[in-house]
Structure formats: structure tokens, C-alpha cells
Amino acid sequence: MNPSRPTIFALSSGRPPAAIAVVRVCGLRARAVLEKLIGRVPPPRQAVLARVRDPQSGEVIDEALALWFPAPHSETGEDMAELQLHGGHAVIAAVLDALGTIAGCRPAEAGEFTRRAFENGRLDLTAVEGLADLIAAETPAQRRQAFRQLKGLIGDWAERWRHTLIEALALVEARIDFADEADVPEDLVAPALASAKRLREEIAAALADGRRGERLRDGIIIAIAGPPNAGKSTLLNRLARREAAIVSPHPGTTRDVIEVHTDLDGYPATLLDTAGMRHSDDPVEQEGVRRAEESARGADLVLWVTDVSAIGGAGGKPRYAVGSDVWVVENKVDLVGDKRCENGELRPTENRSSTFAISALTGTGMDALMAALTGFARDYFATTESAIVTRARHRRALEDTVAALDRCLAEGKSGREELIAEQLRAAATMLGRLTGRVDVEDILDVIFRDFCIGK
Ligand code: GDP
């Protein structure tokens, strides 16, 4: 470890004031920090109660639980100290100030503890992303997915695949480097190509997941669209169970797109309330309509809300929502005494489209709509548990790997060993990028371990 590398410290718990505040220190000076602040170093991984003193004035700042995690058995792999203080503004400020006066210590930058964990090989890049997702997770399904990523869901696969590639590469390189040796078998290239082909199929299968894993991070997108005053904002508020949009009796008030994050039976969803679709001379309103159309186009589901009490209200279908499922929601049935809404009956009409009769104002028919939405989300995410690709970055790395394997297999027909090796190496590098571990030493290790050439 670099001895000139600064020791970093930060408030690791949430916004004060709170019952407890956790301050963490990481680096070579962590031991000195404990000695200066509490006058001793607790036994490894055991909490001790201690007075925290200002190292300059000797004044007692607080009484805290102190912990000591010597390297390498710490979260970052470096020496770490942790203080669990009373979570008041002044206590925290005094402790952070005191830490700032200790030579070799400075406040941590965003993500710096995790960065050190990565640099010290405690976490690979996909686990780092999983950790970030776990902290950001808002629904149980997101939490489960993030935790699996933190524990190496895609990272373990990538390492396994990379290992297979390195073994294939070792075969081809051995053939190239030691072609004249009597103890190197003739055909090492064919088994390498067979293994590359199997790998290509396996990675391609992982990619063919309908992007469910990526979507689970962001949630499915449900756009609420329809003519002005149909009751879109009122419906959004009901679905989101809070006053998110401004409900107004004047047509054309919802001028921008309002986004509300919610969950449907544990699955994340983003509801978009779009500006009323109507022709207008007001440029601000025109812009609202344009944005509304754009967001509805990218939605997984469009709820097309109509006012059944208006003249010709129930008619009309969005033209722009190609590619999305569209459900027609006939609203304000309370005004027309519509019989269909009594049990909130759902009437499937044409293919992939459904019609609901509701009153967003009184809540009639909302249970059926809610149940259908939950079912939609559940079906949408039904295959997610098996998805391992949760970010566009993963997808790009795996697509690049498949492309390199395709080039490798094409070279296989030509039999040019150097070019086959080059593509295998490229594929291994792509996978290495996924986990953040690109290391040619690995290749040499395998060559010398498996072939025992003794030179
Ligand atoms: P938006 O322009 O489509 O977002 O429509 P709003 O949600 O702002 O609603 C327009 C007006 O219709 C408001 O005065 C609402 O209170 C009213 N409204 C919405 N839904 C219903 C409903 O189901 N029944 C009745 N009677 N009025 C409703």
C-alpha cells in the first residue's frame, strides 16, 4: 500500500440530527486517529465505549462506541476505524474538525471508501454497482436484485466465462509458442474453438432477456394520456396514493410531464401524467403536448383516459403509442350512472388492449384497474429473477464479447492461429472490463500451470 496515500474520513450515516452518527476512517493513519481521539486502540472488531477528546485541547467531545478493523479484514481492505457518536450537528462537526487537524487525514470524496474496496480487490465493478443500487433501491424487487448483484450475480458469471476464455487462449498460445516441441499435442486449436462456441451461445442467451433486469432498476413506465380535463391528474393521484399532480377544473393546466415513482405489488413503476392532448396556440402548451407524446411513445403501457360524460368523450385512441400496450380508461362514470362500473368490470376488447370504467373522483372501479396494473407489472417482471444483466454497461461489455467471439470463430475457419488468439484475447479483455479486472498475467499463469513446460 502506498504510504503517502491519505487517510480518509467521513460521516457515513444519514442526515443529522439523528440518534446516532457513524464516522468512518480508512487508511494507514486510522490507528493513530483512535489513539489521538480515544487514547487507545480497541481489540479488532469489538465495540468499546470510549470518551472522544479533541486531540489539541483535550476537551471531551462525546462518549461513543469505537471499533477497529485492521487490514486486510475490513470493508475496504485497509485499516479502518469507526466511531458511533451521538448524532447531533455540533458533535459531528467537532469530531470532523478534530479529524481534519490530524496529519495525513482528509475528508473522503463521494464513493471513495467503495473505490478503495474496489482497488484493493474487495469488490469487483459489478458488485460496486450492486452496492450503489442497493442504496438506491426503493422496492423489494429492486432490493433483491441489487443484493444479488452485490454478491456477484453477473460478476461470478463474468469471471467464470473469462476463465474459460483464458483456458482456450492458453491452448492456442501454447500451439503457437511451442509448435516445435515434441510434448505439445498437435490439435489444441479445435478444442479451444469448441469452447469459444459454447461460450458464445451462453453469453448470447444471457443477453436475450428482454432487458428485464435493466428495467427493474428504473421501473416500468406507465403513461397517463388523454384529452384535457378527462381526469388524468386525478387518476395519477389515486394511483400514487398522494397529491402529486395539481388537479384543476381548467383545461390545459398540466403543462409539463409529471413523473411519480411508485410500486405495484413490490415492482417499481413510474407514472407519467402527460399534458392534455389538444391543439393549442399557446407555445408553452404545445411544448407540453410534444413532451407528452414523446414520453407516451417510450412507455410500456399507456392508460388512455377519456371523459365518458363529455360529448364524444369515450371515443378516440392515441395514434402515437405504437409499441406500447394501450388500455382505455373511461373516467367519470359517476356522472353518467354507468352500470359497468358497479363491479369495476374489465372488458377485454381487441387484441392486447383492455377497457376499464372508473371514477377517479369517487374511486369506483379503481380496485379492478389497480389489480390489472399489478398483474401487468408481475407479468412484465416474471422473468426478471433469472436476468443477470442489470445495466447498459453490462450489456455493452457482453455484446462486445460476443462480437469478438464471432470474429474468433470466423478466423477458426481460416486456421490462422495468431488471429484466433487475438480475438480470444479481445473477448477476455471485454469481460475483464465488465468486472474491472483486466490482467494479462492470468494468461501466463494458466499456460505455465497447465502445461508444465519447465523452461
Ligand atoms: P386532466 O386535465 O385530465 O389532468 O384532468 P384533472 O384530473 O385535472 O380533472 C379535471 C376535472 O375533472 C377536475 O375538476 C376533477 O375534479 C374532475 N374529475 C376527475 N375525475 C373525475 C371523476 O371521476 N368524476 C367526476 N365527476 N369528476 C372528475
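Please read these numbers as outputs of a predicted model, since none were measured by experiment. We count ligands from 1, going down the list as the structure has it; atoms in each ligand are counted the same way.
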statement: Checking heavy atoms under 4.0 Å, the part of D334 that sits near ligand 1 is side chain

- prompt: Between T362 and ligand 1, does any nitrogen or oxygen pair lie at a separation below 3.5 Å?
  reply: no

message: Can you confirm whether the side chains of S359 and D334 place a donor and an acceptor under 3.5 Å from each other?
response: yes

message: Let me confirm one number: the CG-CD1 distance from D54 to I61, rounded to the nearest 0.5 Å.
response: 5.0 Å

query: Does a donor on one side chain sit under 3.5 Å from an acceptor on the other, for E259 and T270?
result: no

task: Could you label the plane-to-plane angle of the F356 and W327 rings as parallel, tilted or perpendicular, counting under 30° as parallel and over 60° as perpendicular?
output: tilted

query: With only distance considered, is V333 within less than 3.5 Å of ligand 1 through an N or O on each side?
result: no

- prompt: Can an N or O of P228 be found at a distance shorter than 3.5 Å from an N or O of ligand 1?
  reply: no

message: Check this for me - ligand 1, T234, N or O atoms closer than 3.5 angstrom, yes or no?
response: yes

query: Do any nitrogen or oxygen atoms of L361 lie less than 3.5 angstrom from nitrogen or oxygen atoms of ligand 1?
result: yes

message: Test of understanding: given a 4.0 Å heavy-atom threshold, classify the contact between L335 and ligand 1 as side chain, backbone, both, or neither.
response: side chain

statement: Nearest non-hydrogen contact to atom 17 (C) of ligand 1 from the set M366, K232, K332 belongs to K332

- request: Below 4.0 angstrom from a heavy atom of S359, which ligand 1 atoms are there? Numbered from 1 as shown, please.
  value: 22 (C), 23 (O), 24 (N)

message: Quick check for you: to the nearest 0.5 Å, what is the distance between L193 atom CG and L424 atom CG?
response: 7.5 Å

field: Neighbour count >12 (heavy atoms, 6.0 Å) for atom CZ, R115
entry: no

query: Between E75 and R24, does at least one N-O distance fall below 4.0 Å, as a salt bridge requires?
result: yes

